[in-house]
There are 2 protein chains.
Amino acid sequence: MTNRRDAVHDTLRRSEGFRSAQDVYAEMRSDGAKIGLTTVYRALQALADGGKVDVLRTDDGESVYRACASGDHHHHLVCRRCGRTVEVAGPDVERWAEAVGAEHGFTDVTHTVEVFGTCASCSAAVRAS
Amino acid sequence: MTNRRDAVHDTLRRSEGFRSAQDVYAEMRSDGAKIGLTTVYRALQALADGGKVDVLRTDDGESVYRACASGDHHHHLVCRRCGRTVEVAGPDVERWAEAVGAEHGFTDVTHTVEVFGTCASCSAAVRAS
DNA sequence: ACCCAGAATGAAAATGGTTGTCAAAATCCC
DNA sequence: GGGATTTTGACAACCATTTTCATTCTGGGT
Ligand SMILES: [Zn+2]
Ligand SMILES: [Zn+2]
Ligand SMILES: [Zn+2]
Ligand SMILES: [Zn+2]
């Protein structure tokens, strides 16, 4: 049997956008997988720690995960209706963040940058409703 | 007696960095204020909804609030050790976020941008330890 | 194959920030 | 003053996440 962590990773890869631990758990169970919620949490944490998946927090405090195609540093453009996600690079933003930190004497500068919006197909769906 | 909401707002204004609801509650109580935790939560929510204070989520999922000097759209450079916060503007970042959204057909584009680091005095403190 | 130590697993209980409930208290309005 | 309305806050409920801990793997070593 394939390693649990790999199974979780695979489920994530099969998804389009960011998914919560409970989401992943529910999907795996409905696919017939025999796995516990705790293990899903642990696998996602490990994957995130190892940089294999990206994490972000929704407005209501849930952690959501995504297996991004790019292994390099990047950010996300996320549809706030359907979750569809586009990976985007922003060299200017990287430089800006560094500069802002340095300008005020800060070291070990990191940043979080996420862009949200309504994707084209969701806009269309709303208009049609 | 001053309005509860104003009391909460004042307490926040007296603070340097971002503070959690429980923080604010504890501080007000130790200052002798007669107020309930629920009310502090409600006041902070109302202030945030009205754009009077800024909110962000810590890594461990706590919502933290700050009464910023600037009423205009801005971002934060936060010391991850002492919480000291600098308000920063980033016109380039604003334009970049808009452009990225538009480029992929997204509408109603918003963004979250936060910069973290270790401030000069905390760096000094660490070095001295 | 057998044994055992250490790692992985997961069901159930605990945690903890946040929100809901609802009765009491303050405030408004006539 | 008196009734309607809003605000308050003690307490209980929520719910994602973490911790516990007993059980189940796993991978040598013999
Ligand atoms: Zn969409
Ligand atoms: Zn970046
Ligand atoms: Zn500092
Ligand atoms: Zn901005």
Side-chain angles (χ1 to χ4, degrees), chain A residues 1-12 15 17-67 78 80 83 112 114 116, chain B residues 1-12 15 17-67 78 80 83 112 114 116:
Chain A
M1 183 221 301
T2 165
N3 186 343
R4 312 294 213 209
R5 181 168 314 176
D6 292 340
V8 169
H9 200 174
D10 285 347
T11 302
L12 219 46
S15 305
F18 281 84
R19 310 290 303 272
S20 73
Q22 318 245 7
D23 264 357
V24 172
Y25 171 68
E27 178 162 334
M28 293 181 77
R29 289 310 283 259
S30 81
D31 284 356
K34 205 166 80 57
I35 191 171
L37 180 55
T38 310
T39 304
V40 172
Y41 271 105
R42 277 194 284 239
L44 288 172
Q45 240 166 254
L47 289 166
D49 288 349
K52 304 297 184 57
V53 305
D54 287 356
V55 199
L56 61 86
R57 292 248 178 199
T58 64
D59 288 337
D60 53 340
E62 236 180 338
S63 291
V64 287
Y65 304 82
R66 182 170 195 271
V78 184
R80 70 169 71 80
T112 67
E114 306 294 341
F116 301 93
Chain B
M1 184 219 299
T2 165
N3 187 344
R4 311 297 212 205
R5 181 168 313 177
D6 292 340
V8 169
H9 201 175
D10 286 346
T11 302
L12 217 46
S15 305
F18 281 84
R19 310 291 302 272
S20 73
Q22 318 243 9
D23 265 358
V24 171
Y25 171 69
E27 178 162 332
M28 294 182 76
R29 289 311 283 257
S30 80
D31 284 357
K34 206 166 78 54
I35 192 171
L37 180 56
T38 309
T39 305
V40 173
Y41 271 106
R42 276 195 288 239
L44 288 173
Q45 240 165 254
L47 289 166
D49 287 350
K52 304 297 183 57
V53 305
D54 287 356
V55 200
L56 61 85
R57 292 248 179 200
T58 63
D59 288 338
D60 53 341
E62 236 179 338
S63 291
V64 287
Y65 304 83
R66 182 170 194 270
V78 184
R80 71 169 70 81
T112 67
E114 306 293 340
F116 300 94

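Every chain is numbered from 1 and lettered A, B, ... according to where its sequence line falls, protein lines coming before strand lines.
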Phosphate contact (dT19(C) OP1 or OP2) by Tyr41(B) side-chain N/O below 4.0 Å: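 Looking at the OP1 and OP2 atoms of dT19(C), neither is under 4.0 Å from any side-chain N or O of Tyr41(B).
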dT18(D) OP1/OP2 closer than 4.0 Å to side-chain N/O of Gln45(A):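 Gln45(A) to dT18(D) OP1/OP2: side-chain N or O found under 4.0 Å.
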Sidechain-backbone polar pair: Arg4(B) side chain, Val40(B) backbone, donor-acceptor under 3.5 Å: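 Answer holds: no.
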Heavy-atom neighbours of Asp31(B) CG exceed 12 at 6.0 Å: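 Yes.
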More than 12 heavy atoms from other groups under 6.0 Å of CG on Asp49(B):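 Atom CG in Asp49(B) is packed in, count exceeds 12.
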Nearest-angstrom distance from the residue atom CZ of Arg19(B) to P of dT18(C):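 That distance rounds to 14 Å.
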Whole angstrom value for the distance that separates C1' of dT19(C) from OH of Tyr25(B):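 Computing the Tyr25(B):OH to dT19(C):C1' distance gives 16 Å.
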Residue pairs, two or more places apart or on separate chains, that pass salt bridge (charged side-chain N to carboxylate O under 4.0 Å, His left out) and touch residues 17-29 of chain A: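 Qualifying pairs: Arg19(A)-Asp23(A), Arg19(A)-Glu27(A).
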Minimum side-chain heavy-atom gap [X]-[Y] below 4.5 Å:
X         : Y         : answer
Thr112(A) : Phe116(B) : yes
Gln22(A)  : Tyr41(A)  : yes
Leu44(B)  : Leu12(B)  : yes

Sugar-phosphate only, base, or nothing, as touched by Ser63(B) at under 4.0 Å among non-hydrogen atoms: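 Sugar-phosphate, no base atom in range.
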Atom pairs, N/O to N/O, protein against nucleotides 6-10 of chain C, distance under 3.5 Å?
from    : atom 1 : to       : atom 2 : distance (Å)
dG10(C) : OP1    : Arg4(A)  : NH2    : 2.9
dG10(C) : OP1    : Lys34(A) : O      : 3.2
dG10(C) : OP2    : Gly36(A) : N      : 3.1
dG10(C) : OP2    : Thr39(A) : OG1    : 2.6
dG10(C) : O5'    : Gly36(A) : N      : 3.4
dG10(C) : N7     : Arg42(A) : NH2    : 2.4
dG10(C) : O6     : Arg42(A) : NH2    : 3.4

Nearest atoms (heavy-atom pairs only) where Arg57(A) meets Ser63(A):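 Arg57(A) and Ser63(A) have their closest heavy atoms at CZ-OG, 3.6 Å.
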Of residues 53-60 of chain B, the positions that come close to DNA chain D - non-hydrogen atoms, cut-off under 4.0 Å: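 Close to the strand, none.
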